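Scroll down for the structure; my scribbles are underneath it.
Order of listing sets the numbers, starting from 1, for every ligand and every atom in it. In this text the structure is predicted, and so the values were computed from the model without any measurement.
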Amino acid sequence: MIARIKKRLLSLLPLRSLRARIFVLILAVGIIPSVLMRYGIVENYEERAVEQRVNAVQNQMKILASHLISNNYLNHDRPEEQTYRNSREVIDAELELLSNLYEGRVMIIDSSFKVVRDTYEISEGKIMISEEVIRCFQGENISHYDSAHGYIEMTTPIVDTRAAAQPGETGVIRGVMLTSISSDSIVSTMEILNRKALILEALMIMAIFALAIVLSIVLTRPFNRVTEAINEVQAGYSDESISVPDYVETVHIVDAFNQLIERMRVLDDSRQEFVANVSHELKTPMASMKVLADSLMAQEDVPAQLYREFMEDIVSEIDRENQIITDLLALVKMDKKVQDLNIVSLNINDLTELILKRLRPLARKKDVEVVFESLRPVVAEVDEVKMTLIMTNLVENAIKYNKNHGWVKVVLDADHQFFTFQVSDSGIGIPEDALSHIYERFYRVDKSHSREIGGTGLGLAITKSAVLMHRGSITVTSTEGEGTSFLVKIPLMYIAQ
Ligand code: ADP
């Protein structure tokens with residue numbers, strides 16, 4: 001289910017190519033942080049610049065506030081007094097200076113919320129009741145930055161420390177200074193900074209873009225080399241094993257491919273060998289027939305008796321040719337898939353009896369005694385035709401490769417999982433070095449002897465294939481000159497794969 005969804009998502013993505021993915025990945029990894037960095041630097045600068053500006057102005061305002069108090073600026077009982085007028089002028093000048101310096105407006109509001117001084121001279125004498133002013137009278141310093149309109153607004157309390165009743169108290173708030181200053185200089189510095197960062201960012205993006213192109217090409221090149229090498233092998237330019245050692249991954253792919261090629265080569269070789277063997281085996285009886293026929297043709301007035309003898313020889317060669325073809329067909333059928341098995345529940349004791357009955361005439365010819373020992377009744381799930389082939393081949397061989405007056409013993413046994421079928425004989429035996437070859441197609445220990453007794457060299461190859469199809473095993477023990485014993489072990493219940 002998950003795999004299906006993944007496949008669907010992948011098919012929706014236009015990024016099926018590894019090169020495109022690497023390119024996008026590098027681009028994303030390079031560009032996103034640089035954009036975030038520029039944004040972070042500019043934002044951070046703005047925050048810090050506003051904070052610094054507020055602190056500087058607040059300090060100035062606090063100094064001014066203490067001047068206001070010391071000069072009784074807010075409530076002087078004799079405003080017409082010369083000294084008061086002088087100090088007021090000084091403070092006004094100070095106010096003017098500050099408002100010019102910070103491009104701002106300062107309003108001084110007394111405890112009855114009346115604006116006693118406005119550097120813009122617009123609101124003087126008016127009543128100013130705003131949330132900020134009220135909160136400042138309650139002892140809260142407020143600063144507020146309006147980036148949209150480009151100004152910073154703050155309040156500073158005018159504290160009369162002389163009126164502190166107790167030593168721990170700070171004093172009485174006599175008035176409030178409402179200051180608003182322009183943040184244009186901050187904004188313009190920010191713009192310059194932003195522009196520089198943008199140029200840097202553009203340069204970085206270009207560099208990352210170039211890097212992404214180069215890396216996506218370079219990093220995927222080994223995979224192209226793998227494809228090229230495989231194509232070369234496929235086109236037949238090279239039959240050597242390929243090597244692309246750039247990445248562990250390419251090494252794995254290439255190793256797997258080389259193994260596959262090697263297996264194909266082995267298969268191809270064995271197929272060629274098989275075809276050569278088949279042709280040779282089929283040609284031999286043909287050649288004999290031709291020799292026989294030619295010699296008949298070469299003579300005139302051949303006596304009927306000789307004719308008959310030659311014809312009998314020709315018939316036996318035809319029989320042999322037939323036998324080889326029948327065996328070959330049986331072998332080809334074995335090579336087909338396992339589903340060709342026709343599994344039925346079969347009484348193996350009965351089957352063995354039947355096969356031995358068929359082969360007894362052959363045994364009688366050599367005066368070979370065939371003994372059947374059944375240790376228990378066996379019923380197993382097998383393919384009847386193939387099981388018959390297995391048993392017939394083994395018993396037939398035991399008779400064929402026996403000495404005159406010898407014996408063949410067939411023992412049938414079973415446990416809860418397998419049944420065993422053992423064929424022992426008192427025959428000529430198999431040399432040790434030949435034991436590992438006897439299951440090969442067309443292999444015969446003694447070619448001429450085997451041919452004499454009608455062997456094709458395919459019997460055991462067929463037997464082994466049939467045993468393996470039943471998920472069984474076949475083993476052989478033999479002593480030259482004494483005899484041979486084949487043991488076949490097959491599961492009682494057929495296990496489908
Ligand atoms: P063939 O058709 O020649 O009998 P097989 O494949 O059945 O071919 O056997 C291969 C070879 O193994 C035989 O040619 C023979 O030399 C040897 N062999 C098989 N079974 C026996 C046996 N019971 N005793 C001795 N040799 C045997």
>> Tell me every residue that passes ring-ring contact (aromatic ring centres under 6.0 Å, His included) with H437, counting only those two or more places apart in sequence or in another chain.
In response: Y443
> Does Y102 have R53 sitting over its ring (NZ/CZ under 6.0 Å from centre, angle to axis within 45°)?
Replying inline: no
>> So that I know where these two stand, are F23 and F209 an aromatic pair - ring centroids less than 6.0 Å apart?
In response: yes
Ligand 1: which protein N/O atoms lie under 3.5 Å from its N/O atoms?
| unit_1 | atom_1 | unit_2 | atom_2 | d |
| --- | --- | --- | --- | --- |
| ligand 1 | 2 (O) | T456 | N | 2.8 |
| ligand 1 | 2 (O) | G457 | N | 2.9 |
| ligand 1 | 3 (O) | Y401 | OH | 3.1 |
| ligand 1 | 3 (O) | S450 | OG | 2.8 |
| ligand 1 | 3 (O) | G457 | N | 3.1 |
| ligand 1 | 4 (O) | N397 | OD1 | 3.3 |
| ligand 1 | 4 (O) | K400 | NZ | 3.4 |
| ligand 1 | 4 (O) | Y401 | OH | 2.7 |
| ligand 1 | 6 (O) | G459 | N | 3.3 |
| ligand 1 | 6 (O) | L460 | N | 2.8 |
| ligand 1 | 7 (O) | N397 | OD1 | 3.4 |
| ligand 1 | 7 (O) | N397 | ND2 | 2.8 |
| ligand 1 | 7 (O) | L460 | N | 3.3 |
| ligand 1 | 8 (O) | G457 | N | 3.3 |
| ligand 1 | 14 (O) | Y401 | OH | 3.2 |
| ligand 1 | 16 (O) | V445 | N | 3.2 |
| ligand 1 | 20 (N) | N397 | ND2 | 3.4 |
| ligand 1 | 23 (N) | D425 | OD2 | 2.9 |
| ligand 1 | 24 (N) | T484 | OG1 | 3.4 |

> Considering residues at least two apart in sequence or located in another chain, which fulfil the side-chain hydrogen bond (donor to acceptor under 3.5 Å, both in side chains) criterion with N402?
Replying inline: S426
> Who passes side-chain hydrogen bond (donor to acceptor under 3.5 Å, both in side chains) against D294, sequence neighbours left out?
Replying inline: K290
>> Between E309 and D313, is there a side-chain heavy-atom distance shorter than 4.5 Å?
In response: no
